J.: 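The following block contains the structure, expressed as structure tokens.
The model shown is predicted, which means the values in this text are computed figures rather than measured ones. Chain A is the first sequence line, chain B the second, and so forth, proteins listed ahead of strands; every chain is numbered from 1.
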Amino acid sequence: MRAFQTPPTLQLNYPPNRSYRTRLSSNQTSTTLQISSNNNQLIQSLCKQGNLKQALQILSQESNPSQHTYELLILSCIHKNSLPAGVIVHRHLVDDGFEQDPFLATKLINMYSEFKAIGNARKVFDKTRNRTIFVWNALFRALALAGHGEKALYLYRQMNRIGIPSDRFTYTYVLKACVSSEFSISLLHYGKEIHGHILRHGFETNVHIVTTLVDMYARFGCAWYASCVFDEIPAKNVVSWSAMIACYAKNGRPFDALELFREMMVEAHDSLPNSVTMVSVLQACAALAVLGQGKLIHCYILRRGLDSILPVFSALVTMYAKCGTLEIARRVFDGMDKRDVVSWNSMISAYGIHGFGAEAIQIFNEMIDDGISPNNITFVSVLGACSHVGLVEMGKNLFESMVREYKIFPIVEHYACMVDLLGRANRLDEAAKIIEEMRIEPGPKVWGSLLGACRIHCNVELAERASTRLFELEPTNAGNYVLLADIYAEAEMWGEVNRVKKLLEARGLQKVSGCSWIEVKKKIYSFLSIDELNPQIEQLHALLVRLAMEMKEKGYVPDTEVVLYDLDREEKEQIVLGHSEKLAVAFGLINTSKGETIRITKNLRLCKDCHSVTKFISKFANKEILVRDVNRFHHFKNGTCSCQDYW
DNA sequence: ATAGGGTTAG
């Protein structure tokens, strides 16, 4: 009769009510225990086999599941992705008196977090009186994952006030909470405060925590803070390196990303780059459009056998597309034996930026036929593709199909695409109407698209409306002021031009100057508009002046409307001829071999004059010239451009 | 006694 000698601790696992009831119903305690332990084992093994349904059946019969059994049941619900099953298990667990068990509370919070049922997770937390640090951490994690960063931080403060000490996991979760606010308020301030806590409690040597810290600063765009933290990490591992490289790649510093990658290869002997590292490195190559570098990185990826990893594959497609080699991008895409929604999205936007709208839509349809459900990025890509070639009706149909067929509700980005699509096609009234009828707050991207379209079609009135909103929403974005000034300049409203320029100055902002670059023999040469430091500048100027003269004979009239100064024609022509892109083209003419395509990348939108000059040169010099501007590619060949002057 | 964490493509 060993059953009678059950130790008291074990008794705790059998909640008093339930076991009392079972004991009353059967006079033989030993058999009851026997049955319940069998049921425990049965439920446990059913869970392990993945037979949740039957496990739930046994659960609803007379049984006394143990804590461990409940744990397996919860894990099984997560595995089966079944919230209803989870609720059933939760109810049984409460009936069995486990409601105050902090271990199971942690598991339940994790489960509800997995199901995005954050309200339920919160209820579990509120009901649990004995909150171990695990319970707190589970809720921090759940809130951070659900985008309720501010709630997590509020609770974190409460926890501090009560005097419960954080552990190493707490810090990682609350740091994540700082960057997971669904509102657009910045929680950077709290992040810095937590950084302080970490230092004060001596956690600055924990590589997990400080890597999260690097990532937090990265997501706030504070690359400098991130690098300060990164430099102090005593034992950096792959993840720390990757986080810092990703930081540069994502914050407009692709050059630093590549440089840090090089440093990692040289210095970090014990941490080899992994697929995650390589994705960021590929992004950096894509941002710089350095095909030669990109190919070298591709070789390294092949050597390391990282090429079968889906994210790497998709990043390769994007890299080749953004480096101007759509054919290679397509070849990589065709070589994939498995594709997910991101791979398809990569290929769709690859066609889009190269101005192949019909092909982008075809890939979209193939994706649907392949049984992959599109997501909101898919629609950003495919609508963008429509926009680049003026497929207005197609774009409108796709936009309407989003909700109707795919249950994807448009977000700001989609509205921005639509405004762009209609605006470019000179249907500005329709574009404005879209904004009026939006069910969410328009935001800077949407107004920015409208302003951009006003720039193309020189609509002063609408531009003033859009820019008024933009100056409120993002007062420090110099680009908006410049666009408005451009529009006034084109309308020859010089007084207004000066007013906007003064506004820009008064706010201490500066126009982003145009910059173009070209990769020749694995080196990058970059050009600014006024570039006296360039050793070849005189040669380039001479070449451009000669070309301009010849072009004028064939009917070229310089288009000087981008010049924001009220100068005489000749001076304006002089300025336009010095645009960075023309310098890069001239450099390309001198420094590339005969049949080689000139590939140029530019940080801004191509100006009209550069566009027509490049068209001319492509014919005159019998050269293919590929120019990537901020939005898309222009493929100049034999006097025409692939954008068909629609950009 | 026990549980959990950081970097990832468009």
J.: Parallel, tilted or perpendicular for A/Phe140 and A/Trp136, by the 30°/60° rule?
T.: tilted
J.: Does A/Arg141 have a side-chain nitrogen or oxygen under 4.0 Å from the phosphate oxygens OP1 or OP2 of B/dG6?
T.: no
J.: Whole-Å distance between B/dA9 C1' and A/Ile348 CD1?
T.: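 That distance rounds to 14 Å.
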J.: Taking CG from A/Asn375 and C1' from B/dG10, how many angstroms apart are they, rounded to a whole number?
T.: 8 Å
J.: Would you say a side-chain N or O of A/Thr318 is under 4.0 Å from OP1 or OP2 of B/dG10?
T.: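 Affirmative; the distance criterion is met.
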J.: Which of these nucleotides, B/dA9, B/dG4, B/dG5, is closest to any side-chain atom of A/Ile209?
T.: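 When the side chain of A/Ile209 is considered, B/dG5 is the closest of B/dA9, B/dG4, B/dG5.
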J.: Over how many whole Å does the gap from A/Phe261 atom CZ to B/dT7 atom P extend?
T.: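 Taking CZ of A/Phe261 and P of B/dT7, I get 20 Å after rounding.
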J.: Does A/Asn137 get its side chain close enough to the base of B/dG5, under 3.5 Å, for a donor-acceptor pair?
T.: no
J.: Using a heavy-atom cut-off of under 4.0 Å over every strand shown, decide if A/Gln283 touches base, sugar-phosphate, or nothing.
T.: sugar-phosphate
J.: Check this one for me: any side-chain N or O of A/Lys176 less than 4.0 Å away from OP1 or OP2 of B/dT7?
T.: yes
J.: Tell me the interatomic distance from A/Asp340, atom CG, to B/dA9, atom C1', rounded to whole angstroms.
T.: 8 Å
J.: Between A/Arg168 and A/Phe203, is NZ or CZ placed under 6.0 angstrom from the six-membered ring centre and within 45° of the ring axis?
T.: no
J.: With a 3.5 Å cut-off and just heavy-atom distances, do the side chain of A/Asn206 and the base of B/dG5 make a donor-acceptor pair?
T.: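 By the distance-only test, yes, there is a pair.
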J.: Validate the cation-pi geometry between A/Arg632 and A/Trp647: distance from NZ or CZ to the six-membered ring centre under 6.0 Å, angle to the ring axis within 45°.
T.: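 So A/Arg632 doesn't make the cation-pi contact.
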J.: For a quick check of understanding: with a heavy-atom distance under 4.0 Å over all strands, which category does A/Asn376 fall into, base, sugar-phosphate or nothing?
T.: nothing
J.: Using a cut-off of less than 4.0 Å, is there contact between a side-chain N or O of A/Lys322 and OP1 or OP2 of B/dA9?
T.: no
J.: Between B/dT7, B/dG10, B/dG5, which nucleotide gets closest to the side-chain atoms of A/Arg168?
T.: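 From the listed options, B/dG5 comes nearest.
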J.: If you check the A/Val341 side chain, which of B/dG10, B/dT8, B/dG5 turns out closest?
T.: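 So the side chain of A/Val341 is nearest to B/dG10.
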J.: First locate atom CD of A/Glu71, then atom NZ of A/Lys107, and finally report the distance between them rounded to the nearest 0.5 Å.
T.: 4.5 Å
J.: Could you tell me whether A/Glu259 and A/Arg262 have a side-chain N and a carboxylate O separated by less than 4.0 Å?
T.: yes
J.: For A/Tyr173 and B/dG5, are the ring centres under 5.5 Å apart with planes inclined under 30°?
T.: no
J.: Rounded to whole angstrom units, what separation is found between the CG atom of A/Leu310 and the P atom of B/dG10?
T.: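 The answer, rounded to whole Å, is 13 Å.
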J.: Closer than 3.5 angstrom, by distance alone: can the side chain of A/Ser113 be matched with the main-chain N or O of A/Ile109 as a donor-acceptor pair?
T.: no
J.: Indicate, with a heavy-atom threshold strictly under 4.0 Å, whether A/Val207 touches base, sugar-phosphate, or nothing.
T.: base
J.: Please state how far atom CZ in A/Arg339 lies from atom P in B/dA9, giving the value in whole angstrom units.
T.: 20 Å
J.: Are the ring of A/Phe103 and the base ring of B/dA3 both nearer than 5.5 Å at their centres and tilted by less than 30°?
T.: no
J.: With a 4.0 Å cut-off on heavy atoms, is A/Lys250 in touch with a base, just the backbone sugar-phosphate, or nothing at all?
T.: sugar-phosphate
J.: On a plain distance test, is the side chain of A/Asn110 in donor-acceptor contact with the base of B/dG4 below 3.5 Å?
T.: no
J.: Provide, to the nearest angstrom, the distance between the CE atom belonging to A/Met111 and the P atom belonging to B/dG4.
T.: 16 Å
J.: Just call it for A/Val279: base, sugar-phosphate, or nothing, with non-hydrogen atoms closer than 4.0 Å on any strand.
T.: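 Contact class for A/Val279: sugar-phosphate only.
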J.: Between B/dA3, B/dT8, B/dG10, which nucleotide gets closest to the side-chain atoms of A/Ser381?
T.: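 So the side chain of A/Ser381 is nearest to B/dG10.
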J.: Using whole Å, report how far CD1 of A/Ile309 lies from C1' of B/dA9.
T.: 12 Å
J.: Within the structure, does a side-chain N or O atom of A/Gln67 lie under 4.0 Å from either OP1 or OP2 of B/dT2?
T.: no
J.: Please report the closest heavy-atom contact between A/Ala289 and A/Arg628, naming both atoms and the distance.
T.: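 Heavy-atom minimum between the residues: CB-NH1, 3.6 Å.
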